[in-house]
Amino acid sequence: QVQLVESGGGLVQAGGSLRLSCAASGSIFSINTMGWYRQAPGNQRELVATITTGGNTNYADSVKGRFTISRDNAKNTVYLQMNSLKPEDTAVYYCNADVWVLGYSRPIEYWGQGTQVTVSS
């Protein structure tokens with residue numbers, strides 16, 4: 001039983017910034033990789049960025065240099081700092097976490113409900 005709660009989405013002008021947050025709660029022993037994915041209308045859900053427990057990061061080429069993923073292990077929270085936003089960044093952004101759940105022998109993937117990011121031109 002794990003819940004991912006996202007916040008920070010909204011409407012912003014091109015060139016602006018937003019910071020997304022995702023906090024995990026429940027019967028958590030530890031969390032492996034966390035990440036952000038996005039899906040625009042008519043498009044497939046795509047990877048934006050991931051971060052391991054040790055801090056290794058991976059970014060989509062389209063956001064590299066503009067977005068930064070980070071995490072606070074003590075708070076079970078992952079962040080996505082989005083700078084120099086473009087209209088093509090408009091999408092629903094989803095949080096993902098690979099979680100060691102108390103009482104289970106293998107990690108389980110969880111998804112947040114999604115938060116809308118809209119970038120106007």
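Here the structure is a predicted model, which is why all the values come from computation and not from measurement.
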Engineer: Please assess L80 against V48 for the test side chain to side chain contact (heavy atoms under 4.5 Å, CB included), listing each intermediate value before the final yes or no.
Structural biologist: CA-CA 9 Å; L80 186 68; V48 177; 4.2 Å; yes
Engineer: Do you know the tightest heavy-atom contact between G112 and E6?
Structural biologist: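 Taking G112 first and E6 second, the nearest heavy atoms are C-OE1, 3.8 Å.
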Engineer: I'd like to check the side-chain contact (heavy atoms from CB on, under 4.5 Å) partners of V119; sequence neighbours left out, ordered by chain and number.
Structural biologist: V12, A14, L85, P87, D89, T90, V117
Engineer: What residues form a side-chain hydrogen bond (donor to acceptor under 3.5 Å, both in side chains) with N58, not counting sequence neighbours?
Structural biologist: none
Engineer: Do any pairs count as a ring-ring contact (aromatic ring centres under 6.0 Å, His included) and have a residue in residues 27-57, sequence neighbours left out, and if so which ones?
Structural biologist: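 Sorted pair list: Y37-W111.
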Engineer: To the nearest 0.5 Å, tell me how far T68 OG1 sits from M82 CE.
Structural biologist: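 T68 atom OG1 to M82 atom CE measures 11.0 Å (nearest 0.5 Å).
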Engineer: Rounded to the nearest 0.5 Å, how far does OG of S84 lie from NZ of K86?
Structural biologist: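 Reported value, rounded in 0.5 Å steps: 8.0 Å.
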Engineer: So which atom in G114 and which in V92 form the shortest heavy-atom distance, rounded to 0.1 Å?
Structural biologist: CA-CG1, 3.8 Å
Engineer: Distance from Q13 atom CD to S121 atom OG, nearest 0.5 Å?
Structural biologist: 9.5 Å
Engineer: Might you point out which heavy atoms bring S70 and I51 nearest each other, and give the distance in Å?
Structural biologist: CA-CD1, 3.9 Å
Engineer: With the side chain counted from C-beta on, respond yes when T115 and L20 share a heavy-atom pair under 4.5 Å apart, and no when they do not.
Structural biologist: yes
Engineer: So which atom in S17 and which in N83 form the shortest heavy-atom distance, rounded to 0.1 Å?
Structural biologist: OG-OD1, 2.9 Å
Engineer: Nearest 0.5 Å, what's the CD1-CD distance between I28 and Q1?
Structural biologist: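 The CD atom of Q1 is 10.5 Å from CD1 of I28, to the nearest 0.5 Å.
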Engineer: Under the side-chain hydrogen bond (donor to acceptor under 3.5 Å, both in side chains) rule, what pairs show up with a residue in residues 44-56, not counting sequence neighbours?
Structural biologist: R38-E46
Engineer: Between Q116 and A91, what is the shortest heavy-atom contact and its length?
Structural biologist: NE2-O, 3.4 Å
Engineer: Does a side-chain heavy-atom distance below 4.5 Å link I69 with V78?
Structural biologist: yes
Engineer: Quick check: are there more than 12 heavy atoms from other residues, nucleotides or ligands sitting under 6.0 Å from CD of E88?
Structural biologist: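 More than 12 heavy atoms, drawn from other residues, nucleotides or ligands, come within 6.0 Å of this atom.
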Engineer: What's the spacing between Q81 CD and S21 OG if we round to 0.5 Å?
Structural biologist: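 Taking CD in Q81 and OG in S21, the distance rounds to 9.5 Å.
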Engineer: Give the minimum heavy-atom separation between A97 and I31, together with the two atoms involved.
Structural biologist: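 So the two residues come closest at CB-CG2, 4.1 Å.
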Engineer: Measure the spacing between CG of N76 and CD of Q3 and express it to the nearest 0.5 Å.
Structural biologist: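 Between N76 CG and Q3 CD, I get 13.5 Å after rounding to 0.5 Å.
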Engineer: Quick one: which residue pairs count as a side-chain hydrogen bond (donor to acceptor under 3.5 Å, both in side chains) with a foot in residues 95-109, not counting sequence neighbours?
Structural biologist: N32-D98, N32-W100
Engineer: Show every ring-ring contact (aromatic ring centres under 6.0 Å, His included) that has at least one partner inside residues 46-86, sequence neighbours left out.
Structural biologist: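 Listed by first then second residue: nothing to list.
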